[in-house]
Q: 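Please find one structure pasted underneath; my questions will follow.
Here is how names work: the chains are called A, B, and so on, in the same order as the sequence lines, proteins then strands, and each is numbered from 1.
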Amino acid sequence: MLIIGDLTGQVGDPTGRSATRTVLRPEEATANSATYVEQVLRVLDPDRVELRRNSEWLAGLTLPDVLREAAGLTVAQLLERDDFTRRFSAGQPISLAEFLYPLLQGYDSVAVRADVELGGTDQTYNLLVGRDLQRAHGQQPQVVLTVPLLEGLDGVEKMSKSLGNYVAIADPPEEQFGRLMSVPDRLTTRYAALCTDLPPEELAALEADVAAGGTRSGAAKRRMAAAVVALYHGPAAAGAAEESFNLRYRDRQVPTDVPEAPLPGGDPVHLPGALVAAGLAGSTSEARRALDGGAVRLDGRVLDAGRYDLPREELAGRVVQVGRRRATRFSG
RNA sequence: GGGUCGGUGCCCGAGUGGCCAAAGGGAACGGGCUGUAAACCCGUCGGCUCAGCCUACGGUGGUUCGAAUCCACCCCGGCCCA
């Protein structure tokens, strides 16, 4: 069974947070949960998973219900948690909603009469609250099973979408491969251990290669990245992803397999505007700066600073790149 | 409810009437070097029809030739008291 925390998602898990989380609107929480489901079902067999939303049971709780459950939890216990302690002593606000979070999550276990609950090590506290509540309800307390947390691409924070340091399960192979290659060296082995099915001998070899440094370390990271990609897209796609990665980033070739974007109308084409329209820049100001900073290439050739209006025929059908990662082809 | 301190750009944080799109640091982005690693160096880091203009320092209103800076009220947070 997979529980989607659609109701608890509105509160936001305070775990590991150093700032108050704002309460999401129900629509936002629903939108988030849809993407979870989409990703999870790439890993779990849809025919064998029972999906439940915790609003099913949490939304129907009455105030007396909540009070009864809350009576068993003490403020001292909650404050013992590292994240709360830190915020409390730093003089930062902690909302009551956040304080209630472990209780709500714990109640999930009661509602589904859980035997075993699985979570990251950061969830230990929340999972244990589930045991307490089950006991209070005369149920056999669940077994708690935790798995190590994966650090994100920055190598510091835990991997999370809101921090932007993640590789998405639904990302295309090239994207996954590229992101994995940007991980700090010291995490190569960890990623391989936690995110691939590589056998122990191979993991040991990887570790030795990383320790050796230089290109051996780089090669080890490639094997790790390929193994991860293969898990979600198959070995063939993983190989192709590595190949296109090599061409694009190692050999610095102009990428050919890029999305197309329509060229805006008019004859001298205002390039900053076109870059924004193509999604290669967030604003025309940003596009101008990129242009002036030598970050914009047309078919591999760096464009001159200060030239913002270019004749149509210079752009049509060409590949524009902003930095090495963003690229598109102007159609027509 | 009372007292007190505070709310500045993604984050931290300087700025107490003009020299402020706002020091400094971090993050991020681009360039160099490289193994799209790390370290290091350089540049950028509100928006626009971009040598100018617009919007911005919790909100609203006011004082002033001129306000992030002064005044009033309001909103939000920390701490102490209740």
Q: Set out, in order, the CA-CA distance, both residues' side-chain angles and the distance that settles side-chain contact (heavy atoms from CB on, under 4.5 Å) for A:Gln142 and A:Gln134, then state yes or no.
A: CA-CA 8 Å; A:Gln142 64 188 357; A:Gln134 286 181 304; 3.3 Å; yes
Q: Side chains of A:Thr189 and A:Glu207: donor-acceptor distance under 3.5 Å anywhere?
A: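 Judged by distance alone, the side chains do not pair up.
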Q: Determine the contact category for A:Arg289: base if any of its heavy atoms lies under 4.0 Å from a base atom, sugar-phosphate if only primed atoms, P, OP1 or OP2 are that close, otherwise nothing.
A: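 Sugar-phosphate: the residue A:Arg289, judged by heavy atoms under 4.0 Å, touches backbone atoms but no base.
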Q: Which base sits across from B:rU55 as a Watson-Crick or G-U pair, both distances under 3.5 Å?
A: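 B:rU55 is paired with nothing.
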Q: Could you walk me through whether A:Arg52 and A:Glu50 satisfy the salt bridge (Lys or Arg N to Asp or Glu O under 4.0 Å) test, starting with their C-alpha distance in whole Å, then the side-chain angles of each, then the deciding distance to 0.1 Å, before giving a yes or no?
A: CA-CA 7 Å; A:Arg52 303 286 292 275; A:Glu50 181 185 348; 3.2 Å; yes
Q: A:Ser283 near the nucleic acid: base, sugar-phosphate alone, or nothing, with a heavy-atom cut-off under 4.0 Å?
A: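 Sugar-phosphate, backbone atoms only, no base.
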Q: With sugar-phosphate meaning primed atoms plus P, OP1 and OP2, does A:Gly178 contact a base, only sugar-phosphate, or nothing at under 4.0 Å between heavy atoms?
A: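 The residue A:Gly178 makes base contact.
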Q: Are A:Arg222 and A:Phe177 in a cation-pi contact, defined as NZ or CZ under 6.0 Å from the six-membered ring centre and within 45° of the axis?
A: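 Pair A:Arg222/A:Phe177 does not count as cation-pi.
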Q: Calculate the interatomic distance between A:Asp292 atom CG and B:rA51 atom C1'; express it in whole Å.
A: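 Those two atoms, CG and C1', are 13 Å apart.
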Q: Taking atom C1' in both B:rU60 and B:rG13, compute the distance separating them and give it to the nearest angstrom.
A: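 B:rU60 and B:rG13 have their C1' atoms separated by 27 Å.
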Q: Remember a base hit wins even if backbone is also touched, and classify A:Gly91 as base, sugar-phosphate or nothing at under 4.0 Å, heavy atoms.
A: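 Result for A:Gly91 = sugar-phosphate.
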Q: Can you work out whether A:Thr188 or A:Pro272 has the more 5'-proximal nearest nucleotide on RNA chain B?
A: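 Looking at RNA chain B, the more 5' nearest nucleotide goes with A:Thr188.
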Q: Please measure how far the C1' atom in B:rA14 lies from the corresponding atom in B:rU8, and state the result in whole Å.
A: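 Roughly 10 Å separates the two C1' atoms.
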Q: For atom P, what is the distance between B:rA39 and B:rA72, given to the nearest Å?
A: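 The same atom, P, in both gives a distance of 50 Å.
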Q: Taking atom P in both B:rU69 and B:rG6, what distance in whole Å separates the two?
A: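 So the two P atoms sit 15 Å from each other.
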Q: Can you tell me, in whole Å, how much space there is between the P of B:rC71 and that of B:rC20?
A: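 B:rC71 and B:rC20 have their P atoms separated by 23 Å.
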Q: Paired with B:rC65 by Watson-Crick or G-U wobble geometry, both distances under 3.5 Å: which nucleotide is it?
A: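 With both distances under 3.5 Å, B:rC65 matches B:rG18.
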Q: Quantified in whole Å, what is the C1' atom distance between nucleotide B:rG24 and nucleotide B:rG77?
A: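 Per the computed distance, 26 Å lies between those C1' atoms.
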Q: CD of A:Gln321 versus P of B:rU36: gap in Å, rounded?
A: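 Roughly 15 Å, once rounded to whole Å.
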Q: Considering only side-chain heavy atoms of A:Arg324, which listed nucleotide, B:rG30, B:rU36, B:rA37, is closest?
A: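 Nearest listed nucleotide: B:rU36.
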Q: Just call it for A:Gly214: base, sugar-phosphate, or nothing, with non-hydrogen atoms closer than 4.0 Å on any strand.
A: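 Base contact - A:Gly214 has a heavy atom under 4.0 Å of at least one base atom.
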Q: Tell me the interatomic distance from A:Leu275, atom CG, to B:rU44, atom P, rounded to whole angstroms.
A: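 Going from CG in A:Leu275 over to P in B:rU44 covers 20 Å.
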Q: Expressed in angstrom and rounded to an integer, what is the separation of A:Asp185 atom CG from B:rU34 atom P?
A: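 The distance from CG of A:Asp185 to P of B:rU34 comes to 16 Å, rounded to the nearest Å.
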Q: Check A:Leu104, A:Ile3, A:Ile4, A:Val112 against A:Asn54 for a side chain to side chain contact (heavy atoms under 4.5 Å, CB included) and give me the one that passes.
A: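 One option only clears the test, and that one is A:Ile3.
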Q: Choosing from B:rC50, B:rU34, B:rG30, which nucleotide comes nearest the side chain of A:Arg252?
A: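 The nucleotide sitting nearest to the side chain is B:rU34.
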Q: Specify the separation, in whole Å, of atom OH of A:Tyr249 and atom P of B:rA37.
A: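 In whole Å, B:rA37 P lies 11 Å from A:Tyr249 OH.
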Q: Pick base, sugar-phosphate or nothing for A:Ser217, based on heavy-atom distances below 4.0 Å to the nucleic acid.
A: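 The residue A:Ser217 makes base contact.
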Q: Categorize A:Arg186 for me: base, sugar-phosphate, or nothing, with a 4.0 angstrom heavy-atom threshold over every strand shown.
A: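 No contact at all - A:Arg186 keeps every heavy atom at 4.0 Å or more from the nucleic acid.
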Q: According to a strict under-4.0 Å criterion, is A:Ser285 in side-chain N/O contact with OP1 or OP2 of B:rC48?
A: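 True: A:Ser285 side-chain N/O within range (under 4.0 Å) of B:rC48 OP1/OP2.
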Q: For a quick check of understanding: with a heavy-atom distance under 4.0 Å over all strands, which category does A:Val183 fall into, base, sugar-phosphate or nothing?
A: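 The answer is sugar-phosphate, as A:Val183 gets under 4.0 Å only of primed atoms, P, OP1 or OP2.
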Q: For A:Glu117 and A:Gln123, test the side chains for any donor-to-acceptor distance below 3.5 angstrom and give the result as yes or no.
A: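 No, no side-chain donor-acceptor contact under 3.5 Å.
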Q: Can you tell me the base-pairing partner of B:rG24? Count Watson-Crick or G-U wobble geometry only, both distances below 3.5 Å, and say none if there is no partner.
A: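 Checking every strand shown, B:rG24 finds its partner in B:rC12, with both distances under 3.5 Å.
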Q: Specify the separation, in whole Å, of atom CG of A:Asp154 and atom C1' of B:rA38.
A: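 So the CG-C1' distance, A:Asp154 to B:rA38, works out to 14 Å.
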Q: Let's test this: given Watson-Crick or G-U wobble pairing with both distances under 3.5 Å, identify the partner of B:rC29.
A: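 Base partner found: B:rG43.
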Q: How many whole angstroms separate atom CZ of A:Arg288 from atom P of B:rC45?
A: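 After rounding, the gap between these two atoms is 13 Å.
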Q: Taking only the P atom of each, what is the distance from B:rA23 to B:rC10 in whole angstrom?
A: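 It works out to 14 Å between them.
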Q: Ignoring hydrogens and geometry beyond distance, is the side chain of A:Arg326 in donor-acceptor contact with the base of B:rU36 at under 3.5 Å?
A: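 Looking at the base of B:rU36, it does not pair with any donor or acceptor on the side chain of A:Arg326 (distance under 3.5 Å).
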Q: Are a donor atom and an acceptor atom from the side chains of A:His233 and A:Glu174 found within less than 3.5 Å of each other?
A: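 Per modelled atom types, A:His233 and A:Glu174 side chains form no pair under 3.5 Å.
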Q: Side-chain N or O of A:Thr284 less than 4.0 angstrom from OP1 or OP2 on B:rU49?
A: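 Yes, within the criterion.
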Q: Let's test this: given Watson-Crick or G-U wobble pairing with both distances under 3.5 Å, identify the partner of B:rG1.
A: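 Pairing partner, where one exists within any strand: B:rC81.
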Q: Roughly how many Å is it from CD in A:Glu286 to C1' in B:rC45, rounded to a whole number?
A: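 The answer, rounded to whole Å, is 9 Å.
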Q: Using a 4.0 Å heavy-atom cut-off, does A:Arg297 contact any base of the nucleic acid, only the sugar-phosphate backbone, or nothing at all?
A: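 If one applies the 4.0 Å heavy-atom cut-off, A:Arg297 turns out to touch the sugar-phosphate alone, with no base involved.
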Q: Hey, is A:Asp209 close enough to A:Arg223 for a salt bridge, meaning N to O under 4.0 Å?
A: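 Here A:Asp209 pairs with A:Arg223 in a salt bridge, since their nearest N and O are under 4.0 Å apart.
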Q: Distance check, C1' atoms only: B:rU16 and B:rA68, in whole angstrom units.
A: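 These two C1' atoms come out 9 Å apart once rounded.
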Q: Taking for each residue the nucleotide of RNA chain B with the nearest heavy atom, is it A:Arg179 or A:Ala290 whose nucleotide lies nearer the 5' end?
A: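 So the residue in question is A:Ala290.
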